[in-house]
K.L.:
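If you scroll down you'll find the structure; I have some questions about it.
As the structure is a computational prediction, the values presented were derived from the model and not from experiment. Each chain gets a letter, A, B and so on, in the order its sequence line appears, and its residues count up from 1.
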Amino acid sequence: MSIPEKFLKPYDPKNAEGRIYKLWEESGFFSTDSHSHPNDLKLKAESFCILMPPANANGNLHAGHGLVMTVEDIITRYKRMRGFKTLWLPGLDHAGFETQVVYEKVLEKEGRSRFEIPRDQLYKEILDFTLKNSANIKSQVRKMGASCDWSREKFTLDPDIVKIVYQTFKKLWGDGLLYRGKRIISWCPKHQTSFADIEIKDEERIEPYYYIKYGPFTISTSRPETKFGDKYVVMHPDDKRYAEYKDGQKIPVEWINGEITATVVKDKAIDMEFGTGVMTITPWHDATDFEIAERHGLDREQIIDEQGKLLPIAGEFAGMHIKKARPLIVEKLKAKGLLVKVDENYKHIVHTCYKCGTTIEPQIQSQWFVKMKPLAAKALEKINAGEVVYIPEHYKKITVHWLENLIDWNISRQIVWGIPIPAKICDKCDTGFVDLENKITKCDKCGGAVRKDIDTFDTWFSSGQWPFATLGFPDGKDFKEFYPTDVLETAGDIFHWVARMIMLSLYVTGKLPFTTVYMHGVVLDAKGQKMSKSKGNVINPLDLTEKFGTDAFRMGMVVGNTPGTSLALSEDKIRAYKNFANKLWNIARFVLESTEGVRLDEKFEKYTEEDSALRKARHELLTDVTNDMDSYRFYLAAEKLYHYAWHEFADKIIEDSKKIFSEGDASKIASRKQFLLHTLNKILRALHPFAPFVTEEIWQLSGHKNLLMIEKWPIE
RNA sequence: GCGCGCUUAGCUCAGUUGGUUAGAGCGUCUCGCUUACACCGAGAAGGCCGGGAGUUCGAAUCUCUCAGCGCGCACCA
């Protein structure tokens with residue numbers, strides 16, 4: 001066979017990648033269903049399953065996704081070549097709040113607001129918007145070379161997924177692990193929804209801090225606008241300074257809008273060292289205060305409404321937004337002589353909405369909560385027993401720490417975009433009933449009328465059920481075959497998602513959802529800074545693949561990138577691997593040219609002493625690489641193969657070969673030609689998981705009839 | 001405050017259980033168009049492995065401590 005003309009020009013990823021991906025996809029081998037592998041690759045009885053973390057259906061592929069696709073595809077291709085019945089299941093997340101925020105921005109541009117649009121219509125609009133955009137990210141995943149089984153693709157809003165999510169909700173209810181309760185939650189006044197802890201960002205702020213006279217006491221606050229209803233004054237029971245005041249004692253106090261009666265409460269939550277050791281409480285708008293009120297059975301009163309405006313209790317300030325009201329209230333306190341002093345440089349942490357930065361306003365609301373303690377306990381038991389291997393290991397500690405400190409999980413969101421909560425609410429007695437069959441018409445507690453709950457689930461409630469939901473729990477064929485899955489690969493900063501999957505999967509299926517957790521780090525810009533739109537340093541992975549080829553991008557993502565460590569993404573690095581792809585190309589060209597007319601002979605035995613030594617070294621290298629692959633040390637495997645191909649095979653062996661060929665010793669030449677052919681063949685196989693396109697392209701041009709993708713890994 | 005990381009060549013990072021002169025890529029410098037490849041080749045410079053103490057025959061690697069950076073959790077009104 002003569003050398004294809006293509007080899008005369010440098011490797012051109014643009015020419016190859018689309019065509020090669022199509023070849024793979026149309027072959028059907030991304031799925032293990034209806035095909036048996038040809039060649040020698042016999043499927044092992046063992047299955048191997050990895051689930052793609054569901055990306056935001058509405059989003060674009062970002063650098064982090066680039067890393068996900070690279071690592072997971074390396075794992076998948078490797079396992080496939082090792083003969084496992086391999087499933088990499090792709091999926092998309094409706095990403096509730098995230099997506100709704102994006103759509104709200106679209107609405108804003110059109111001069112509309114979500115609050116003016118009927119719920120059904122809004123849901124439909126966002127659904128259309130999401131589905132329209134989801135084609136985008138799917139084509140981007142393909143560009144990364146992902147060899148996932150598209151025939152099994154899932155979306156968190158698919159009816160079969162929703163059905164399973166509902167079953168779990170019902171099970172939690174039946175087991176007493178779910179309740180609807182009036183509790184303090186974190187509320188974003190702008191987005192008009194409650195949040196879980198992870199959706200809150202802490203921000204350090206310097207704000208004035210006010211010391212205010214409260215009867216015989218001086219209290220302090222950074223938020224005077226919440227203080228209107230404060231009628232309990234709390235101090236530590238052991239505080240000698242206030243020993244004369246007894247628990248339950250009533251004291252008349254001249255307050256913002258006139259005289260009130262304050263009640264003394266003694267509680268150990270008070271820090272005697274802080275401020276004056278006395279505080280008044282606002283249970284409706286502060287988590288600590290809420291707890292104190294719970295403990296002592298105290299009244300709670302709402303001061304601020306859901307829009308951040310003061311309620312009638314604020315008297316003359318009613319209807320005013322808290323931002324505007326604060327200085328005016330301070331003025332009034334001052335005028336009444338109640339303001340003792342102001343500390344202008346008070347540094348404290350303020351909770352803000354992770355999306356819009358609006359200060360979170362705690363509110364007491366009726367929401368759905370999952371009791372996490374029992375779920376966490378089971379997960380901790382398994383994790384501590386080492387039944388889940390964390391790579392790197394320290395994520396285990398982080399996870400354990402998180403699980404040990406879990407509070408009940410607020411799973412209801414007051415947004416339209418999401419899975420509707422299948423429940424009925426009785427507004428009269430504020431009770432909720434889980435009602436999948438839509439049968440409940442009357443409150444069985446008070447007999448009042450019930451209405452449908454209009455809230456939706458926290459998006460993590462559904463994605464937390466991903467492993468068993470996507471595989472078709474409880475009796476789907478895939479569930480039986482692939483559950484528990486093998487490895488869960490994702491970004492370290494969403495370890496809580498992993499923990500949720502462990503908890504919910506254990507709870508629902510009784511088994512761990514996976515045995516290995518592989519966490520990768522954050523992808524940073526070339527300078528090691530976090531990428532952000534506002535900094536303008538966001539790197540689009542697709543620009544890089546466009547410029548240097550997908551293989552180069554993938555190699556750049558994986559070489560030297562240890563799990564869990566952040567990765568500085570620079571063009572220089574990617575460029576280096578573009579050169580490598582071309583190097584491979586030329587290695588292939590040389591080998592094919594110089595062995596024209598010679599066939600690769602599996603049974604060839606007449607190797608020279610020198611070549612035998614080279615074979616041995618090659619075998620050792622491949623053994624080493626295989627060990628690295630099995631231990632998830634892709635960063636080492638890739639580097640070793642790179643080094644071998646370039647600096648060993650190309651720089652030394654090929655260079656020596658030129659000499660051997662020119663010297664004319666027929667047996668030496670025959671030996672070396674076999675060695676070159678075998679080595680090229682093995683290098684292509686071993687590098688295929690890392691650089692699938694260029695290796696497949698060379699494989700195809702070398703006259704192979706089958707796909708490299710389903711060839712065997714180079715050594716057993 | 002508690003917890004988790006990180007600190008190795010100019011830059012980005014490897015260094016798997018402690019073991020010979022500490023590695024790679026990029027960058028820099030000097031040569032070289034030797035027909036696989038200039039998206040290349042040959043070669044070179046460059047590191048008391050953050051500071052200090054300890055364990056050991058031996059430490060970048062283990063322990064302690066200090067410093068700097070990053071992240072997470074909890075916070076006090």
K.L.:
Separation of A:Asn582 atom CG from B:C39 atom P, in whole Å?
P.N.:
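From A:Asn582 CG to B:C39 P: 9 Å.
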K.L.:
Checking A:Asn537 side chain against A:Asp525 main chain: does a donor-acceptor pair fall under 3.5 Å?
P.N.:
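No, the answer is negative, given that no donor and acceptor are paired below the 3.5 Å cut-off.
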K.L.:
Is the base of B:A36 touched by the side chain of A:Glu655 through a donor-acceptor pair closer than 3.5 angstrom?
P.N.:
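Yes.
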K.L.:
Under 4.0 Å, counting only non-hydrogen atoms across every strand here, what does A:Arg633 touch: a base, just sugar-phosphate, or nothing?
P.N.:
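Counting heavy atoms under 4.0 Å across all strands, the contact made by A:Arg633 includes a base.
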K.L.:
As a test of understanding, state which of A:Phe690, A:Phe553, A:Trp646, A:Tyr642 forms a ring pair (Phe, Tyr, Trp, His ring centres under 6.0 Å) with A:Tyr577.
P.N.:
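Only one of A:Phe690, A:Phe553, A:Trp646, A:Tyr642 forms a ring pair (Phe, Tyr, Trp, His ring centres under 6.0 Å) with A:Tyr577, namely A:Tyr642.
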K.L.:
Counting any heavy atom closer than 4.0 Å, what does A:Thr562 reach on the DNA or RNA strands: base, sugar-phosphate only, or nothing?
P.N.:
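Sugar-phosphate, backbone atoms only, no base.
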K.L.:
According to the Watson-Crick and G-U wobble definition with distances under 3.5 Å, which dot-bracket string, read 5' to 3', encodes RNA chain B, using [ ] for crossing pairs and | for pairs with another strand?
P.N.:
(((((((..((((.....[...)))).(((((.......))))).....(((((..]....))))))))))))....
K.L.:
Which nucleotide, B:G15, B:G72, B:A77, lies nearest any side-chain atom of A:Lys201?
P.N.:
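Looking only at side-chain atoms, A:Lys201 lies closest to B:G72.
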K.L.:
Is a side-chain donor or acceptor of A:Lys373 paired with a backbone partner of A:Asp408 at a separation under 3.5 angstrom?
P.N.:
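The answer is no, because no donor-acceptor pair under 3.5 Å joins these two groups.
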K.L.:
Residues from residues 636-651 of chain A sitting under 4.0 Å of RNA chain B, heavy atoms only?
P.N.:
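Within this stretch, A:Leu636, A:Glu639, A:Tyr642, A:Trp646, A:His647, A:Ala650, A:Asp651 sit under 4.0 Å of the strand.
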K.L.:
Do A:Ile654 and A:Phe649 come close enough that some side-chain heavy atom pair is under 4.5 Å?
P.N.:
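Yes, at least one pair of side-chain atoms sits under 4.5 Å.
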K.L.:
So what does A:Ser631 hit on the nucleic acid, given a heavy-atom distance under 4.0 Å: a base, only sugar-phosphate, or nothing?
P.N.:
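Nothing, no heavy atom under 4.0 Å.
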K.L.:
If you check the A:Lys578 side chain, which of B:C75, B:A36, B:C39 turns out closest?
P.N.:
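Of all the options, the side chain of A:Lys578 is nearest to B:C39.
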K.L.:
Give every donor-acceptor pair under 3.5 Å between a side-chain atom in residues 389-396 of chain A and any protein atom, sequence neighbours left out.
P.N.:
none

K.L.:
Kindly point out which of B:A14, B:C39, B:C75 is positioned nearest to the side chain of A:Pro10?
P.N.:
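Per side-chain heavy atoms of A:Pro10, the pick is B:C39.
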K.L.:
Can you identify which nucleotide, out of B:C39, B:A77, B:A36, has its nearest atom closest to the A:Arg589 side chain?
P.N.:
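Closest of the options to the side chain of A:Arg589: B:A36.
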K.L.:
Pairs in or reaching into residues 290-304 of chain A: which pass side chain to side chain donor-acceptor pair (under 3.5 Å), with residues at least two apart or in two chains?
P.N.:
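Output for this query lists A:Lys231-A:Asp299, A:Asp267-A:Arg295, A:Asp267-A:His296, A:Glu294-A:Arg300, A:Gln302-A:Glu306, A:Gln302-A:Gln363.
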K.L.:
Can you confirm whether the side chains of A:Asp458 and A:Trp409 place a donor and an acceptor under 3.5 Å from each other?
P.N.:
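On atom types as modelled, these side chains qualify, holding a pair under 3.5 Å.
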K.L.:
Please state how far atom NE2 in A:His236 lies from atom P in B:A77, giving the value in whole angstrom units.
P.N.:
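From A:His236 NE2 to B:A77 P: 17 Å.
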K.L.:
Under 4.5 Å between any side-chain heavy atoms of A:His351 and A:Ser186, yes or no?
P.N.:
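No. Closest side-chain heavy atoms not under 4.5 Å.
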K.L.:
May I ask you to test the A:Ile574-A:Ser570 pair for a side-chain heavy-atom distance under 4.5 Å?
P.N.:
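Sidechains of A:Ser570 and A:Ile574: no contact.
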K.L.:
Have a look at A:Lys9 and say if it touches a base, only the backbone sugar-phosphate, or nothing, with a 4.0 Å heavy-atom cut-off.
P.N.:
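Answer is nothing: A:Lys9 stays at 4.0 Å or more from every strand.
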K.L.:
So if I take every side-chain heavy atom of A:Tyr209 and compare against B:C39, B:C37, B:A77, which nucleotide ends up nearest?
P.N.:
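From the listed options, B:A77 comes nearest.
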K.L.:
Ring of A:Phe290, cation from A:Arg183 - is the NZ or CZ under 6.0 Å from the centre and inside 45° of the axis?
P.N.:
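Cation-pi check for A:Arg183 and A:Phe290: fails.
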K.L.:
Pull out every protein N or O sitting under 3.5 Å from an N or O of nucleotides 3-5 of chain B, one pair per line with the distance.
P.N.:
| unit_1 | atom_1 | unit_2 | atom_2 | d |
| --- | --- | --- | --- | --- |
| B:G5 | OP1 | A:Lys397 | NZ | 3.1 |

K.L.:
Below 4.0 angstrom, which residues in residues 567-577 of chain A have at least one non-hydrogen atom near RNA chain B?
P.N.:
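Under 4.0 Å from RNA chain B: A:Ala568, A:Asp572, A:Ala576.
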K.L.:
Which one, B:A77, B:G15, B:U16, comes nearest to the side chain of A:Thr221?
P.N.:
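Side chain of A:Thr221 sits closest to B:A77.
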